[in-house]
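Notes to accompany the following structure.
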Amino acid sequence: MKKEIHPEYREVVFQDTSSDFKFVTRSTMSSNETITMEDGKTYPVIKVEVSSASHPFYTGKNVFIDTAGRVEKFRNRYSKKAQ
């Protein structure tokens with residue numbers, strides 16, 4: 001491997017913003033935010049919207065995540081046709 005061309009591979013925390021689930025893993029992603037975990041170490045934190053703790057496939061719950069206002073667009077479009 002060539003020296004000084006590869007990104008730093010280190011431990012980071014991924015935090016699910018919808019369920020507040022956190023897990024430590026290794027990644028090359030970087031962040032300006034940090035968090036102190038239960039082990040007392042400080043890690044960079046990467047915030048994600050969906051993880052295995054909140055995804056309907058893994059939880060068995062049918063949770064709808066509306067990130068683009070799709071429900072409102074649908075209601076607006078079809079409420080005009082009903083009138």
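Taking hydrophobic clusters as Ile, Leu, Val, Met, Phe, Trp and Tyr residues chained together by side-chain heavy-atom distances below 4.5 Å, Phe21 does not share a cluster with Val45.
Note that CG of Asp20 and OG of Ser18 are 9.5 Å apart. Values are rounded to the nearest 0.5 Å. Remark: Glu49 CD to Asp16 CG distance equals 9.0 Å, nearest 0.5 Å. Expressed to the nearest 0.5 Å, how far NZ of Lys41 lies from CD of Glu11 amounts to 5.5 Å.
Side-chain contact between Val48 and Gln15 is absent, with no heavy atoms from C-beta onward closer than 4.5 Å. Between Met37 and Val13 there is a side-chain heavy-atom pair separated by less than 4.5 Å. Counting heavy atoms from C-beta on, the side chains of Lys22 and Ile35 come closer than 4.5 Å.
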Exercise for the section: Determine, step by step, whether Val24 and Tyr43 satisfy the side-chain contact (heavy atoms from CB on, under 4.5 Å) criterion, reporting the C-alpha distance in whole Å, the side-chain angles of both residues, the deciding distance to 0.1 Å, and the verdict. Expected result: CA-CA 8 Å; Val24 178; Tyr43 301 99; 4.2 Å; yes
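For the residue pair Met29 and Val12, the shortest heavy atom distance occurs at O-CG1, 3.9 Å.
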Between side-chain atoms of residues 1-8 and protein atoms elsewhere (two or more places apart, or another chain), which donor-acceptor pairs fall under 3.5 Å?
unit_1, atom_1, unit_2, atom_2, d
Glu8, OE1, Arg10, NH1, 3.2

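Residues satisfying the ring pair (Phe, Tyr, Trp, His ring centres under 6.0 Å) criterion with Phe14, sequence neighbours excluded, are Phe23.
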